[in-house]
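Take a look at the structure set out below.
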Amino acid sequence: MGMGMGEEEEEDRADFLQWLGPDTSAIVFTLLHHPADLARASAVSRSWRTFVIANQFSKIQCLRVCPEVSNFTSIEASSSGSDVKEDVGSSAAAGWENQKRDHRVYMHLSHSLLSHYNSRNCIIRCIGASSTDNFPEETIENTLEPIDHVEMSLSYWSSGGQRDPSFPECLIYMLHSDLCLIDEIKIQPFQAFFQYGSPIYSAQYVRFRMGYPKLPLCPEQLVSDENEGQLTADDNYTWTYASPEFPMLQENVAQSFKLPHAVVCIGGVVKIELLGRIQKQAIDGLYYVCVSHVQILGNPLSQELSVAPRENGVVLKYHPEPRRSIARCSDLGGEDGSSPSNWHNFATRIWQSGTGRGIGWNQALLSRLLFGPPLQLLEEDDDGDIS
C-alpha cells in the first residue's frame with residue numbers, strides 16, 4: 001500500500017532518537033568531539049537537548065580531552081558572584097536543574113580546554129623547595145630568572161648536600177590559575193663554572209605531580225627572602241596527576257620534558273621531583289642538585305572556573321564574573337594570569353548560527369549531524385527551554 005501525504009509528513013517529522021533508540025543514539029552523540037557540535041545538536045529540539053543533558057555528553061567530551069576531569073566530585077555554580085538557590089519544588093525537578101547546571105559548566109570547561117592559545121609560562125609564585133644549601137642566595141626563586149646572572153650574582157637554586165646519591169629533592173610552584181592545561185616543562189641544570197672542571201649538577205631523572213592544596217595557601221607560608229617556605233610536605237596536597245619519570249641530561253641547556261598528553265592541573269600546584277644525584281662537590285664530598293631555570297608551559301583556563309577542596313574530593317566551581325582563585329587566601333601579586341573567556345560570545349554564535357534547513361529521518365540527517373554544515377538551530381530562552 002502506498003503511504004498517504006499525511007503519513008509522509010509525519011514520517012519526515014519523526015525524531016531519529018526514537019528511531020535509533022537510546023543506546024545507538026548515545027553512540028552517535030559520543031562521536032561529536034567539539035563543544036560547538038554538541039551545542040548545535042542540543043539546540044535542534046527539546047528532546048535532543050534533554051538527551052544531551054541527561055547523558056552527560058558535555059562531561060564525556062571533557063574526559064576525552066583530559067581524564068583528570070574525573071577528579072571533580074561535584075559542581076557548584078553561581079550567578080553574579082553569588083550562589084543560585086531556587087525552590088524547584090521536588091527532588092526530581094532539583095535533580096534536573098542540577099543536570100542542566102552540570103551540562104552548562106562542562107560545556108564551558110570543554111570549550112576552554114579545546115580553545116587554541118599560545119603556550120606560555122604558567123608559574124606565578126614559588127611555594128618552596130625541599131632543601132636549600134645557602135638561603136636566600138640559592139633560593140628556589142632564582143629559578144624564575146631566565147638568565148644565569150642577575151646584577152653580577154649567580155642565579156640558581158641548590159639543594160642541601162647528601163651522602164646518599166639517591167636522596168630526592170623537589171621544587172613546588174604555584175600557577176597563574178586554579179586550572180591550567182600543561183603540556184611541557186623545561187628545566188635547565190646549573191653548571192658551576194667557578195668550580196674545577198665546571199661540573200653540572202643535574203638530577204638523574206625528573207617526575208612531575210600536579211594537584212591542589214588541602215588548605216588555602218597564604219603568602220606568609222610561601223618562600224620569600226625571609227622565609228624558606230613551610231609547605232613542601234606531600235601531606236599538604238592532593239595530587240591528581242603524576243607523570244612518568246624522564247631521564248635528565250648533564251647538559252647546561254633548557255631541557256624540554258613533554259607530557260604524554262596535555263594535563264589539567266587541578267588546583268594550580270606543580271611539584272617537580274628531582275630523582276637521583278650525579279655530581280659530587282669536591283670541597284665536602286657531598287652530592288648536590290642545582291637548577292638554573294624552570295618553565296611550566298601551557299595555558300591558564302578561564303578565571304570563571306576554579307576549584308575548592310572538600311572532605312570527599314574537589315569541587316569544580318563556576319562563577320560568570322572572573323575573580324581570583326579561592327585556593328589563594330589573598331592577592332599574591334604578579335601579572336594577571338587569566339585567559340579572557342570567549343564563552344559568552346561563543347554561545348551567542350552557536351545559538352544564532354546555522355543555515356541548514358530542517359532535516360527529516362533519512363541518511364542525510366546522520367551525515368549532516370556528524371560531518372555536514374550547521375543545522376538550523378532553535379532559540380533558547382533565558383530559562384534554558386527550547387522554543
Checking Ser159, Ser202, Pro168 against Arg277 for side-chain contact (heavy atoms from CB on, under 4.5 Å), the one that qualifies is Ser159
Ser119 side chain vs Gly298 backbone, donor-acceptor pair below 3.5 Å:
yes
To check you understand the geometry: which heavy-atom pair defines the closest contact between Leu181 and Cys66, and what is its length?
CD1-SG, 3.5 Å
Pair Phe57 + Tyr106: ring centers closer than 6.0 Å:
no
At what distance, to the nearest 0.5 angstrom, does OG of Ser177 lie from CG of Leu301?
6.0 Å
Report yes or no: do Tyr318 and Val65 belong to one cluster of Ile/Leu/Val/Met/Phe/Trp/Tyr joined by side chain heavy-atom distances under 4.5 Å?
yes
Run the ring-ring contact (aromatic ring centres under 6.0 Å, His included) test against Phe246 and tell me which residues pass, sequence neighbours left out.
Phe208, Phe257
Any residue meeting ring-ring contact (aromatic ring centres under 6.0 Å, His included) with Trp239, in chain and number order, not counting sequence neighbours
Tyr237
Evaluate the side-chain proximity of Phe190 to Gln279: yes if any heavy-atom separation is below 4.5 Å, no if none is.
no
Are any non-hydrogen side-chain atoms of Leu217 and Leu231 less than 4.5 angstrom apart?
yes
Would you find more than 12 non-hydrogen atoms of other residues, nucleotides or ligands less than 6.0 Å from Phe194 atom CZ?
yes
Would you name the heavy atoms of Pro189 and Ile187 that are closest together and state the gap between them?
CD-O, 3.7 Å
Under 3.5 Å, is there a donor-acceptor pair between the side chain of Gln191 and the main chain of Ser198?
yes
If you take all heavy atoms of Glu68 and Tyr241, which pair is closest and at what distance?
OE2-CD1, 4.0 Å
So Gln188 and Asn252, side chain to side chain donor-acceptor pair (under 3.5 Å) or not? Walk me through it.
CA-CA 6 Å; Gln188 182 170 344; Asn252 181 25; 3.0 Å; yes
Please confirm whether the backbone N or O of Ser158 pairs with a side-chain atom of Asp133, one donor and one acceptor, at under 3.5 Å?
no
Please evaluate residues Cys265 and Val270 with respect to the criterion side-chain contact (heavy atoms from CB on, under 4.5 Å), reporting the C-alpha separation (whole Å), side-chain torsions for both, the decisive distance (0.1 Å), and the verdict.
CA-CA 8 Å; Cys265 179; Val270 175; 4.0 Å; yes
Kindly compute the distance separating CD1 (Ile127) from CG (Asn236), expressed to the nearest 0.5 Å.
9.5 Å
Can you check whether His108's main-chain N or O pairs, donor with acceptor, with Ser112's side chain at less than 3.5 Å?
no
So how far is it from Ile75 CD1 to Asn98 CG, rounded to the nearest 0.5 Å?
9.5 Å
Contact check, side chains of Gln250 and Tyr201, non-hydrogen atoms, under 4.5 Å
no
Do Val105 and Val264 sit in one hydrophobic cluster, given that two such residues count as connected whenever their side-chain heavy atoms are within less than 4.5 Å of each other, even indirectly?
yes
Which value, rounded to the nearest 0.5 Å, describes the distance between Cys180 atom SG and Met174 atom CE?
11.5 Å
Group every Ile, Leu, Val, Met, Phe, Trp and Tyr by side-chain heavy-atom contacts under 4.5 Å, then state whether Leu275 and Val206 land in the same group.
no
Give the cluster check for Val44 versus Val28: same hydrophobic cluster or not, with ILVMFWY residues linked at side-chain heavy-atom distances below 4.5 Å.
yes
Sub-4.5 Å side-chain heavy-atom contact between Arg49 and Lys100
yes
Locate the shortest heavy-atom distance separating Leu274 from Val289; write the atom from each residue and the value.
CD1-CG1, 3.9 Å
Could you walk me through whether Asn142 and Glu145 pass side chain to side chain donor-acceptor pair (under 3.5 Å), step by step?
CA-CA 6 Å; Asn142 291 338; Glu145 298 292 340; over 6 Å; no
Beyond-backbone contact of Glu137 with Asn134, side-chain heavy atoms, under 4.5 angstrom:
yes
Show the numbers, then the answer: is there a side-chain contact (heavy atoms from CB on, under 4.5 Å) between Gln295 and Ile123?
CA-CA 7 Å; Gln295 287 184 310; Ile123 299 175; 5.7 Å; no
Are the side chain of Arg104 and the backbone N or O of Ala77 linked by a donor-acceptor pair below 3.5 Å?
no
Under 6.0 Å from the CG atom of Leu249, do we count more than 12 heavy atoms belonging to anything else shown?
yes
side-chain contact (heavy atoms from CB on, under 4.5 Å) between Leu316 and Thr73, worked out
CA-CA 8 Å; Leu316 175 62; Thr73 53; over 6 Å; no
Okay, side chain of Asp183, backbone of His261: is any donor-acceptor separation there less than 3.5 Å?
no
Test item: Val294 and Lys186 side chains (from C-beta on) under 4.5 Å apart, heavy atoms
no
Rounded to the nearest 0.5 Å, how far does NZ of Lys59 lie from CG of Leu109?
11.0 Å
What distance separates Ser256 OG from Glu184 CD, expressed to the nearest 0.5 Å?
3.0 Å
Starting from Val291, can I reach Ile200 by hopping between I/L/V/M/F/W/Y residues whose side chains sit under 4.5 Å apart?
no
Would you call Ile272 and Ile185 a side-chain contact if the rule is heavy atoms closer than 4.5 Å?
yes
Tell me the closest heavy-atom pair linking Ser243 and Leu259, and the distance in Å.
CB-CD2, 4.2 Å
Under a plain distance cut-off of 3.5 Å, with no hydrogens placed, do Tyr173 and Thr143 share a side-chain donor-acceptor pair?
yes
Indicate the ring-plane relationship of Trp48 and Phe29, choosing parallel, tilted or perpendicular according to the 30° and 60° boundaries.
perpendicular
Could you go through Gln281 and Gln195, starting from their C-alpha distance and side-chain angles, then the distance that decides it, and tell me whether this counts as side chain to side chain donor-acceptor pair (under 3.5 Å)?
CA-CA 9 Å; Gln281 183 173 249; Gln195 294 181 357; 3.0 Å; yes
Name of the residue among Glu273, Lys271, Glu169 meeting side-chain hydrogen bond (donor to acceptor under 3.5 Å, both in side chains) with Ser130
Glu169
Val307: which of Asn71, Val314, Thr240 passes side-chain contact (heavy atoms from CB on, under 4.5 Å):
Val314
Please determine whether side-chain contact (heavy atoms from CB on, under 4.5 Å) holds for the pair Ile53 and Ser42, giving the CA-CA distance in whole Å, both sets of side-chain angles, and the decisive distance to 0.1 Å.
CA-CA 8 Å; Ile53 294 174; Ser42 64; over 6 Å; no
Would you say Gln204 and Pro247 make side-chain contact, with heavy atoms under 4.5 Å?
no
At their closest point, which heavy atom of Arg125 faces which heavy atom of Val223, and how far apart are they?
NH2-O, 3.6 Å
What I want to find out is whether Arg310 reaches Glu76 closely enough, with some N-O distance under 4.0 Å, to be called a salt bridge.
yes
